[in-house]
Peer 1: 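Encoded as structure tokens, here's the structure I'll be asking about.
All chains are named by letter (A, B, ...) in the order of the sequence lines, taking the proteins before the strands, and each is independently numbered beginning at 1.
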Amino acid sequence: MYRTHTCGELRPAHIGQTVTLAGWVHRQRDHGGVTFIDLRDRTGLVQVVGDPNLPEVSAIQDARNEWVLQVTGMVRPRPAGAENPNLVTGAIEVAVQKCVVLNPAKPLPLAVNTDETVDENIRLKYRYLDLRRERMYNNIVLRHNVVKFIRDYLSERGFLEIETPMLFKTTPEGARDYLVPSRLQPGTFYALPQSPQQLKQLLMVAGFDRYYQIARCLRDEDLRGDRQPEFTQLDLEMSFVERDDVLAVGEGLFTAMVQEILPGKRLLASPWPRMTYTESMERYGNDKPDLRFGMELHNLSDILAASEFMVFQNVLKNGGVIKCIVAPGCADYTRKEVDELTTFSKEQGAKGLATLALTAEGVKGTAQKFIKPAEVEAIQTRTGAQTSDLVLFIADSKPVANKTLSALRLLFRDRLNLADPNVLAFAWVLDFPMFEYNEEDKKWDAAHHPFTMPKMEDLPKFETDPSQILSDAYDMVLNGYETASGSIRIHRSDIQQKVFQLLGLKDEEIQSKFGHMIEAFQFGAPPHGGMAPGIDRLIMLFAGEPNIREVIAFPKNQAGRDVMADAPSPASEKQLRELHIKLDLPEEK
RNA sequence: GAUCCCGUGGUGUAGCGGCUAACAUGCGGCCCUGUCAAGGCCGAGAUCGCGGGUCCGAAUCCCGUCGGGAUCGCCA
């Protein structure tokens with residue numbers, strides 16, 4: 001037996017007991033005679049003392065940071081005045097009688113016992129050391145608590161956790177698949193699942209009624225701070241439900257979770273706000289609004305319809321819009337600062353940025369000479385802009401204006417600290433469009449996915465205007481992130497056929513790619529729907545971390561590499577031969 | 001595919017045209033019996049990511065390249 005107790009559990013109640021501990025040297029303080037070590041295991045720290053009056057102290061004196069020790073000694077109270085209120089074990093210490101070095105350690109490439117920032121490349125290369133640090137440990141524990149809460153909550157409500165295959169089938173829609181070559185059937189490939197979407201629907205056809213899975217999903221696309229090539233979703237599906245039944249489960253789950261395991265956080269509103277996709281786009285410029293602060297977008301196209309500003313005129317003539325946001329207290333921005341905002345806007349796709357500074361000395365800014373006093377007044381009435389505020393205008397096509405102002409809004413959020421980091425602003429965004437026109441490929445794409453149920457009343461629009469078809473798709477958003485996405489699914493094979501056809505899939509293609517789905521829907525498929533919250537993103541937001549790598553034990557870097565194991569790496573000739581794969585690599589420069 | 005930012009001892013930073021490259025921490029040695037980021041003294045450790053250029057002189061300016069991050073595209 002290596003230990004009788006853990007480091008973090010010792011209390012004055014243990015005084016007088018002889019205990020054996022095992023752990024890492026968090027810190028060592030050698031006073032020549034008496035030596036202190038803060039011994040660490042995952043439960044915490046405890047001070048062990050090597051006393052010259054006690055035997056076997058040499059190992060204590062020799063020990064260095066991160067050595068692994070086994071220590072046996074008597075728990076005793078610390079001398080009066082020597083208690084450490086910062087440690088939960090700070091009232092006591094362990095007087096060492098025996099110390100065994102289980103394993104010494106070389107000096108570490110990164111310090112485990114501080115929270116100072118370390119280059120992320122080094123952290124990832126030595127991730128097993130990085131994970132010893134308190135911040136990472138806390139994140140991993142939080143992750144466990146979140147997943148455990150999910151399992152308990154859903155199990156209590158009749159959901160079954162069911163595993164689905166990792167080796168499945170490539171699909172034509174959606175993200176790029178990771179392919180896995182089949183050895184037994186040369187020339188064919190599995191695809192790793194982008195999500196268990198089809199399988200969970202088939203589980204509904206099977207009658208399981210309420211299913212969930214903590215499911216790994218894989219998508220071969222470029223990485224971002226909130227996107228990893230493999231990530232984890234709470235995949236969830238229910239039969240005989242309407243949209244609000246699904247939303248109620250999600251809202252109930254995360255509301256209870258916040259109350260139970262996130263005492264430092266509070267919900268912005270309960271019940272959660274709901275808005276349509278269209279409303280979210282109008283008011284926030286995107287479909288994942290951060291509702292922790294205002295600064296909404298305003299459409300000024302009507303007020304400025306008669307503007308003398310040629311830029312505005314031309315945009316309106318071409319079907320564009322003039323929209324704005326109001327940056328509070330920013331009227332004193334310098335020319336340089338405004339230029340930076342203009343550059344930022346152009347990076348987002350806008351052709352330019354016009355500003356109106358409402359200073360105490362009067363109206364200034366690049367748009368001042370084009371906007372009449374009456375128009376300024378109307379703008380102030382609509383937006384609530386006041387003296388000392390800066391109004392930022394984007395005149396462009398509606399998508400560009402929304403995208404740019406949305407990005408500016410988040411820029412000011414961070415610059416002016418407008419969002420309370422302890423608030424969780426959950427909300428639902430509803431009624432997404434069913435299809436988006438893909439200009440590049442000149443075809444319709446599914447906005448959510450092709451199994452999403454179009455609104456019944458919009459079915460006639462398949463023949464007239466697919467862009468106007470709304471769907472029973474919904475997103476759960478949190479603090480400016482899409483944290484779940486779901487829909488009521490198509491359970492009728494005739495509607496499913498219609499969708500596939502509009503997406504431009506040929507009959508043979510529908511059969512080869514989705515024949516099993518179409519067929520299944522002909523054998524008594526129940527109405528069903530579900531959603532899939534992104535575990536990594538949620539935990540990132542719960543933990544207040546800036547990216548999801550911080551809440552994943554072994555994440556990949558921006559180039560999709562595991563820098564610790566150095567993956568991906570070349571396959572051997574033998575492996576390739578078995579798979580009947582020949583490489584055709586691009587010429588090296 | 002594109003844009004921007006970063007790269008200086010093990011780690012974190014400073015220096016940004018004139019240095020023998022500074023500081024903290026870590027590391028090694030010595031001293032020290034109550035510390036808890038212990039303290040004191042001594043020491044080792046960087047050709048400033050790499051290559052080229054400008055200059056009397058480059059960590060510092062320019063170009064290229066590699067590595068990392070953020071963003072656009074991409075992500076049903």
Peer 1: Between rA46(B) and rA22(B), how far apart are the C1' atoms? Round to whole Å, please.
Peer 2: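 Comparing C1' positions in rA22(B) and rA46(B) gives a spacing of 12 Å.
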Peer 1: Partner lookup for rG9(B), please. Criteria are Watson-Crick or G-U wobble with both distances under 3.5 angstrom; report none if nothing qualifies.
Peer 2: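 Per the H-bond distance test, none.
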Peer 1: Under a 3.5 Å cut-off for both distances, is rG73(B) Watson-Crick or wobble paired, and to whom?
Peer 2: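 Partner of rG73(B): none.
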Peer 1: Have a look at R489(A) and say if it touches a base, only the backbone sugar-phosphate, or nothing, with a 4.0 Å heavy-atom cut-off.
Peer 2: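 Contact class for R489(A): none.
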Peer 1: Relative to the 5' end of RNA chain B, which residue comes earlier, T171(A) or Q558(A), by the nucleotide with the nearest heavy atom?
Peer 2: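 Result: Q558(A).
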Peer 1: Can you see whether Y211(A) has K200(A) sitting over its ring - NZ or CZ less than 6.0 Å from the centre and within 45° of the normal?
Peer 2: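 No, K200(A) does not lie over the aromatic ring of Y211(A).
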Peer 1: Test salt bridge (Lys or Arg N to Asp or Glu O under 4.0 Å) on R135(A) and D115(A) and set out the steps.
Peer 2: CA-CA 7 Å; R135(A) 169 189 180 184; D115(A) 59 1; over 6 Å; no
Peer 1: Provide the Watson-Crick or G-U wobble partner of rU20(B), both distances under 3.5 Å; none if there is no partner.
Peer 2: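 With both distances under 3.5 Å required, rU20(B) matches none.
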Peer 1: Grab the CD-P distance between E221(A) and rC74(B) for me, whole Å please.
Peer 2: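 Distance check: E221(A) CD to rC74(B) P gives 10 Å.
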Peer 1: Taking NZ in K125(A) as the centre, count heavy atoms belonging to other residues, nucleotides or ligands within less than 6.0 Å. Is the count above 12?
Peer 2: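 Not more than 12 within 6.0 Å, no.
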Peer 1: Between rU8(B) and rA2(B), how many Å separate the two C1' atoms, rounded to a whole number?
Peer 2: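 30 Å, rounded to whole Å.
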Peer 1: Check whether the side chain of D222(A) and the base of rG73(B) form a donor-acceptor pair under 3.5 Å.
Peer 2: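 Such a pair is found, so the answer is yes.
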Peer 1: Step through the shown structure and confirm whether more than 12 heavy atoms of other residues, nucleotides or ligands are within 6.0 Å of CZ on F168(A).
Peer 2: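 Atom CZ in F168(A) is packed in, count exceeds 12.
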Peer 1: Strictly below 4.0 Å: does R29(A) bring a side-chain N or O up to OP1 or OP2 of rA38(B)?
Peer 2: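 Yes, because at least one side-chain N or O of R29(A) sits under 4.0 Å from OP1 or OP2 of rA38(B).
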Peer 1: Per the atom types in the model, does the base of rG34(B) pair as donor or acceptor with the side chain of E93(A) at under 3.5 Å?
Peer 2: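 Result: at least one qualifying N/O pair found.
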Peer 1: Measuring only the P atom in each nucleotide, how far is rG15(B) from rC31(B)? A whole number of Å is fine.
Peer 2: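 Taking atom P in both rG15(B) and rC31(B), they lie 40 Å apart.
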Peer 1: With a 4.0 Å cutoff (strictly under), does any side-chain N or O of N557(A) reach OP1 or OP2 of rG68(B)?
Peer 2: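 For rG68(B), OP1 or OP2 has a side-chain N or O of N557(A) closer than 4.0 Å.
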Peer 1: Please report the distance separating the C1' of rA58(B) from the corresponding atom of rG67(B), rounded so that it comes out in whole Å.
Peer 2: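 Rounded to whole Å, the distance is 22 Å.
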Peer 1: Who is the Watson-Crick or G-U wobble partner of rU35(B), with both distances under 3.5 Å?
Peer 2: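 Its partner is none (no Watson-Crick or G-U wobble pair with both distances under 3.5 Å).
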Peer 1: Is any side-chain N or O of R78(A) under 3.5 Å from a base N or O of rU35(B), one able to act as donor and the other as acceptor?
Peer 2: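 Between rU35(B) and R78(A), which were checked side chain against base, a qualifying N/O pair under 3.5 Å is present.
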Peer 1: On a whole-Å scale, what distance lies between the C1' atoms belonging to rG49(B) and rG68(B)?
Peer 2: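 Pairwise C1' distance, rG49(B) against rG68(B), rounds to 11 Å.
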Peer 1: Got a donor-acceptor pair under 3.5 Å from the side chain of R227(A) to the base of rC74(B)?
Peer 2: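 Such a pair exists between side chain and base.
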Peer 1: Could you give the distance separating rG10(B) and rG28(B) at their P atoms, to the nearest angstrom?
Peer 2: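 It comes out at 16 Å once rounded to the nearest Å.
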Peer 1: Does rG43(B) have a Watson-Crick or wobble partner in any strand here, with both distances under 3.5 angstrom, and which is it?
Peer 2: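 Partner of rG43(B): rC27(B).
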Peer 1: Roughly how far apart, to the nearest Å, are rC6(B) and rA44(B) at atom P?
Peer 2: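 Roughly 34 Å separates the two P atoms.
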Peer 1: Quick check: does any side chain N or O of S512(A) sit under 3.5 Å from a backbone N or O of E509(A), one acting as donor and the other as acceptor?
Peer 2: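 The answer is yes, because a donor-acceptor pair under 3.5 Å joins these two groups.
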Peer 1: Starting from P on rU71(B), measure out to CG on D414(A) and report it in whole angstrom.
Peer 2: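 About 11 Å, once rounded to whole Å.
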Peer 1: Examine rC74(B): is either OP1 or OP2 under 4.0 Å from a nitrogen or oxygen in the side chain of R176(A)? Give yes or no.
Peer 2: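 For rC74(B), OP1/OP2 do not have a side-chain N/O of R176(A) under 4.0 Å.
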Peer 1: Looking at rC74(B), I'd like to know if its phosphate oxygens (OP1 or OP2) sit under 4.0 Å from a side-chain N or O belonging to R224(A).
Peer 2: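 No, no such contact exists.
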Peer 1: Would one find a side-chain N or O of T117(A) under 4.0 angstrom from OP1 or OP2 of rU13(B)?
Peer 2: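 Yes, T117(A) has a side-chain N/O under 4.0 Å of OP1/OP2 on rU13(B).
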Peer 1: Check whether any side-chain N or O of Y137(A) sits under 3.5 Å from a backbone N or O of R42(A) as a donor-acceptor pair, and report yes or no.
Peer 2: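 Pair found, side chain donor or acceptor close to backbone of R42(A).
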Peer 1: With the side chain of Q348(A) defined as its heavy atoms from C-beta on, choose the nearest nucleotide among rG10(B), rG28(B), rC72(B).
Peer 2: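 In terms of side-chain proximity for Q348(A), the closest of rG10(B), rG28(B), rC72(B) is rC72(B).
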Peer 1: Taking atom C1' in both rG7(B) and rG64(B), what distance in whole Å separates the two?
Peer 2: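 rG7(B) and rG64(B) have their C1' atoms separated by 16 Å.
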Peer 1: Charged N to carboxylate O below 4.0 Å: is that the case for E66(A) and R27(A)?
Peer 2: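 No salt bridge links E66(A) with R27(A).
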Peer 1: Does E116(A) contact rU25(B) through a side-chain donor or acceptor facing the base, at a distance under 3.5 Å?
Peer 2: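 Absent.
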